[in-house]
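Some notes on the structure that comes next.
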Amino acid sequence: MVMTLAGTPAIRPSISLIKALELKSCFDIGFRSFEHLKQAHARLLRLGLCQENHLLDTLLGYYTQFGNTHYSKLIFDQTNEPNIFLFHTIIKGLVSNDLFEEAIKYYQSMRSKSLLPNRFTISFALKACARIYDYRSGLKIHSLVVKLGFDKYVFVNNSLVSMYSKCGSIYDAHKVFDNMPEKDSLSWNVIISGYHDVGKFSEVLSLFRGFLRNGLKPDELTLARILCACAELGALEFGEWIHRYINLNGLVKDLALNTSLIYMYTKCGCMDKARGIFDQMLEKDVVAWTSIIQGYVVNGFAKEAIDMFFEMERENVKPDCYAIVAMVHACTRLGAMKLGERAINSLKWEEVVANLPLGKTIIDMYAKCGNSNSAWKVFKEMKERDIAVWTSTMSGLFMNGHAKVAFGLFAQMVKFGLQPNGSTFIGLLNLRVCGKRHSAIKIISGITRRAIVLRDTNLHCFIVGTCLCKDYR
């Protein structure tokens, strides 16, 4: 018999207790692999510790860390009384694995059990709402944030601003931003990103000025967004200031920033500066090549765009769909159909007919080069067709003398429930009311059951197949 120093019999710990302590130690140290984790899980089940929330919390965390959310949910769902920590771990793990809808379901389950989340759980739940644009759930969480006093935490407010921005409610996002007791660099970046994503570029520049006045230093992602805003607004001076800032702060080697500078200068019509940046880049990816090619096309330098495309191929950079679209645009302007077809052949045909912008551009090229048959073939093989694809095809048929087929296609489009827009009429008729076009617009008015008002030397009002000018001659 083993005795203590006091002379009393010592109590031996049970084997199961020793194993449980060893298992806890193993959990505290961590797991090297998924197989190691499963072995520990099996030991936990054998020892009857499958309802120990502390151990389960660690187990859940590691399963989601290894990307196996199925096991995580299985363990959680078999837990009799999950506590707030288990809910936090499962919600965090699901969000980290991009399972946002499921994360929100577990959050709602937690609330149904009258459990209150902590500020970290709130942040993850808001992120899930943002990623699936769940405005209603986000609004309820915001209400709870205020009730629990979590609106004093910067990271919680940042999550709220992000959620409202992603859900398209930029007014609510800015209201939260204005009411924040303190703001960090991320706070400014989130609100700037929100305005950028909804296309309010003037506000982006205004916010950026406030960002700088607060003595904050922008990162590369923020600068890229500001350059995009400058490009869309044609704010060349502001963009040039950003360019100087990039040079002064040693960011000239950043690939994304250089590509953004190229985009800004091309949108502002400064192709020489855009080309200068491109030539100085030590590393060029397909996005950089596409930006300079698109810049040449937009600014009317079709030949230079084609030259750059072939130079990209010589550098063994595989063009993507955006580069092909730019190349085909350039070929259309020069009537270089064979060169356009050569570029198209660098992609699989399945990729071509599945891409709406590319399909529309190819149809346009064939039509303007007088090849109606090829344009029609692309149209028929498109996986889906939007209004732009229909318009390009009808316009091409009309300009190549196939007016009856074009109007038949127009009627079919309306029958399918697609509503023609201004571009449809412009593309089809070029808005010139004379001769046969006068009769054509009467047909369109009858098909669409709409009133159409146009002016040439007279004012014409077409109503359901008739013209108030009493059939202009």
Counting only N and O atoms by type, is there a donor-acceptor contact under 3.5 Å from the side chain of [X] to the main-chain atoms of [Y]?
{"X": "Ser165", "Y": "Val161", "result": "yes"}
{"X": "Asn355", "Y": "Glu351", "result": "no"}
{"X": "Asp386", "Y": "Ala388", "result": "yes"}
{"X": "Thr332", "Y": "Val328", "result": "yes"}
{"X": "Asn299", "Y": "Thr266", "result": "yes"}

Can you pull the side chain to side chain donor-acceptor pair (under 3.5 Å) pairs that have at least one residue in residues 117-131, sequence neighbours excluded?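 Qualifying pairs: His88-Thr121, Asn118-Thr121, Ser123-Ser159.
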
For Phe120 and Phe155, what are the C-alpha separation, side-chain angles and deciding distance, and is it a ring pair (Phe, Tyr, Trp, His ring centres under 6.0 Å)? CA-CA 9 Å; Phe120 303 106; Phe155 74 93; 5.4 Å; yes

Ring centroids only, cut at 6.0 angstrom: are Phe278 and Trp289 within range, meaning strictly under it?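 Yes: the rings meet the under 6.0 Å criterion.
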
Does a side-chain N-to-carboxylate-O contact under 4.0 Å join Arg275 and Asp279?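 Result for this pair is yes, salt bridge flagged.
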
What I want to find out is whether Lys284 reaches Glu315 closely enough, with some N-O distance under 4.0 Å, to be called a salt bridge.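 Salt bridge flag = no for Glu315 with Lys284.
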
For the residue pair [Y] / [X], report whether a side-chain donor-acceptor contact shorter than 3.5 Å exists.
{"X": "Asn189", "Y": "Thr222", "answer": "yes"}
{"X": "Trp349", "Y": "Glu381", "answer": "yes"}
{"X": "Tyr296", "Y": "Asp307", "answer": "no"}

List the residues meeting side-chain hydrogen bond (donor to acceptor under 3.5 Å, both in side chains) with Arg385, not counting sequence neighbours, and say none if there are none.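 In terms of side-chain hydrogen bond (donor to acceptor under 3.5 Å, both in side chains), with neighbours along the sequence ignored, Arg385 is linked to no residue.
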
